[in-house]
Protein chains: 2
Amino acid sequence: MTIPVSATWGCDSMARTLADRQDVIPVLAEVFRDHGFEGASLSAITARTGLGKGSLYNFFPGGKAEMAKVVLAHIDSWFRTHVFEPLDRTEGGLTAVEAMFQATDAYFRSGQRVCVVGVFALGDARDLFTEQVHGYFAAWVQALAGALVRAGRDPDRARADAEEVVAGIQGALVLSRALNDTGVFTRTLARLRRIASGD
Amino acid sequence: MTIPVSATWGCDSMARTLADRQDVIPVLAEVFRDHGFEGASLSAITARTGLGKGSLYNFFPGGKAEMAKVVLAHIDSWFRTHVFEPLDRTEGGLTAVEAMFQATDAYFRSGQRVCVVGVFALGDARDLFTEQVHGYFAAWVQALAGALVRAGRDPDRARADAEEVVAGIQGALVLSRALNDTGVFTRTLARLRRIASGD
DNA sequence: ACGGAGCTGTACCAATTGGTCAACGACGTA
DNA sequence: TACGTCGTTGACCAATTGGTACAGCTCCGT
């Protein structure tokens with residue numbers, strides 16, 4: 001009945017548990033992305049990850065809530081290193097801003113992939129993960145606004161522009177998914193680029 | 001135990017069921033708004049509406065799916081009469097556009113209320129109500145783009161602007177809810193107004 | 001070779017899910 | 001006053017939910 005682990009795995013062992021927990025996180029992210037927090041049932045999670053409940057609760061003793069927290073932390077970390085910190089490091093130019101748009105377009109697959117944090121923000125999950133949901137968007141707006149200020153924009157205007165860009169990205173995700181048209185996302189991103197570069 | 005219907009209602013009878021079914025729809029909309037489609041459990045619905053499951057299934061034999069369809073139709077109808085049609089009727093000016101922004105701000109309570117269609121669009125429910133989700137946003141973009149064209153804007157530009165405004169509204173809902181700050185919604189709406197009026 | 005540590009699948013749990021249905025009782029008519 | 005109609009209720013259903021417990025397994029250090 002049961003297949004020996006080594007038969008399907010066959011590598012050295014120490015890395016096993018650590019590697020697996022790490023490897024599972026992106027899969028969990030996809031499940032939460034597709035179904036939201038409430039909709040991500042344990043059966044869906046076990047099916048997509050290929051892990052039994054035992055393993056899942058071994059990795060994440062806190063159950064679904066901990067899985068979601070880890071996923072949010074993983075996303076936050078990705079955006080911090082690939083988007084927020086490059087923006088923070090930028091001096092005068094707008095190349096980091098353009099890099100942000102490219103990273104965003106790639107990450108969300110031109111609107112075919114939805115934002116987990118955005119999905120959480122719209123539902124009940126917001127109140128379970130207030131901190132992380134708030135932190136993600138606040139960090140994004142702040143990083144972008146800072147970069148715009150350093151590019152010479154008026155601080156109030158920079159903050160307003162940053163809010164509009166971040167909101168615009170989220171809205172483009174909603175709209176392109178609703179209309180099932182990646183063109184909407186691409187076009188909206190193009191217009192947001194213009195806003196970011198100061199019209 | 002049971003209170004006679006006439007004691008709480010006291011009107012003529014023929015209208016009763018019809019009136020009730022109509023009255024329930026906004027309550028259903030609130031439940032779907034708060035919890036999404038999957039999250040709107042029948043127990044939550046019975047609690048908020050005060051109706052037993054029997055009455056619910058008497059009004060909506062199709063169950064949750066029919067309730068959601070009716071809610072979507074109700075929302076669509078509201079937007080058609082209060083937003084889309086005024087936009088369609090407008091001739092040259094932008095007063096209907098400004099009216100749209102005011103109606104939108106009031107409807108979404110400056111971002112404290114979320115868009116049911118947007119919530120559905122991001123989740124599994126999109127594929128259950130493809131038609132209605134698509135129709136709502138397509139109609140909005142089209143009505144707004146038409147008004148902008150009639151106000152003298154280049155058709156391609158008008159469509160891009162309309163997409164950006166509608167997406168921006170949805171994004172502002174996400175962002176203001178995530179940051180728990182209605183100011184974000186108000187500010188973003190102000191900037192979208194500028195886009196709509198041609199910078 | 002042995003033993004312990006820890007990963008894994010799975011049976012099981014109470015609670016809840018969406019949905020059904022038969023009995024109840026309020027109503028208008030006669 | 002009696003009756004038939006019909007909306008309503010809440011118990012009940014199988015299925016599924018998130019979560020627990022545990023026995024069995026593989027693996028590693030000794």
Side-chain angles (χ1 to χ4, degrees), chain A residues 1-24 27-28 31-32 35-71 123-125 128-129, chain B residues 1-24 27-28 31-32 35-71 123-125 128-129:
Chain A
M1 175 81 76
T2 59
I3 300 166
V5 172
S6 54
T8 60
W9 186 53
C11 279
D12 71 337
S13 61
M14 204 54 219
R16 210 241 156 147
T17 67
L18 291 171
D20 259 9
R21 201 189 122 110
Q22 284 305 313
D23 293 348
V24 165
V27 183
L28 289 176
V31 181
F32 284 122
H35 305 299
F37 179 67
E38 342 267 352
S41 66
L42 283 190
S43 63
I45 293 173
T46 58
R48 287 276 281 269
T49 59
L51 265 53
K53 287 202 226 178
S55 307
L56 248 15
Y57 274 82
N58 186 36
F59 290 145
F60 312 99
K64 260 178 74 173
E66 184 175 346
M67 298 181 210
K69 269 204 159 66
V70 170
V71 164
D124 292 320
L128 283 170
F129 309 102
Chain B
M1 174 79 79
T2 58
I3 300 166
V5 172
S6 54
T8 59
W9 187 55
C11 280
D12 68 340
S13 60
M14 204 53 222
R16 197 215 165 175
T17 66
L18 290 171
D20 258 12
R21 199 188 124 109
Q22 283 305 311
D23 294 346
V24 166
V27 183
L28 290 176
V31 181
F32 284 121
H35 305 298
F37 180 67
E38 343 266 352
S41 67
L42 283 189
S43 63
I45 294 173
T46 58
R48 288 277 280 271
T49 58
L51 264 55
K53 289 201 228 176
S55 306
L56 247 14
Y57 274 81
N58 185 35
F59 290 145
F60 312 100
K64 261 178 72 173
E66 184 174 347
M67 298 180 210
K69 270 206 158 64
V70 170
V71 164
D124 293 320
L128 283 170
F129 309 104

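Here is how names work: the chains are called A, B, and so on, in the same order as the sequence lines, proteins then strands, and each is numbered from 1.
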Kindly write out the residues that satisfy side chain to side chain donor-acceptor pair (under 3.5 Å) with B/T46, not counting sequence neighbours, or none if the list is empty.
->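 Scan of B/T46 (side chain to side chain donor-acceptor pair (under 3.5 Å), adjacent residues dropped) gives none.
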Go through the structure and list residues passing side chain to side chain donor-acceptor pair (under 3.5 Å) with A/D124, not counting sequence neighbours.
->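 Expected list: B/H35.
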Atom CZ in A/R21, atom CG in A/L28: separation rounded to 0.5 Å?
->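 If we round to the nearest 0.5 Å, A/R21:CZ and A/L28:CG are 9.5 Å apart.
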Output the distance between atom OG1 (B/T49) and atom CG (B/D23), rounded to the nearest 0.5 Å.
-> 11.5 Å
Measure from the side-chain heavy atoms of A/S55 and tell me the nearest of C/dG18, C/dG9, D/dT8.
-> C/dG9
How many Å lie between [atom1] on [X] and [atom2] on [N], as a whole number?
X     : N      : atom1 : atom2 : value
A/N58 : C/dT8  : CG    : P     : 7 Å
A/F59 : C/dG9  : CZ    : C1'   : 13 Å
B/Y57 : C/dC21 : OH    : C1'   : 13 Å
B/K64 : C/dT20 : NZ    : P     : 14 Å
A/L56 : D/dT20 : CG    : P     : 13 Å
A/E66 : D/dT20 : CD    : P     : 12 Å
B/M67 : C/dG18 : CE    : P     : 9 Å
A/L51 : C/dT10 : CG    : C1'   : 14 Å

Determine the interplanar angle of the A/F37 and A/F129 rings, folded into 0 to 90°, and report it as parallel if under 30°, tilted if 30 to 60°, perpendicular if over 60°.
->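 Perpendicular, since the angle between the ring planes exceeds 60°.
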Indicate, with a heavy-atom threshold strictly under 4.0 Å, whether B/G54 touches base, sugar-phosphate, or nothing.
-> base
Quick one: does B/M67's side chain get under 4.5 Å of B/L56's, heavy atoms only?
-> yes
Would you jot down, in residue-number order, the residues of residues 36-50 of chain A having a non-hydrogen atom under 4.0 Å from DNA chain D?
->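 Under 4.0 Å from DNA chain D: A/A40, A/S41, A/L42, A/S43.
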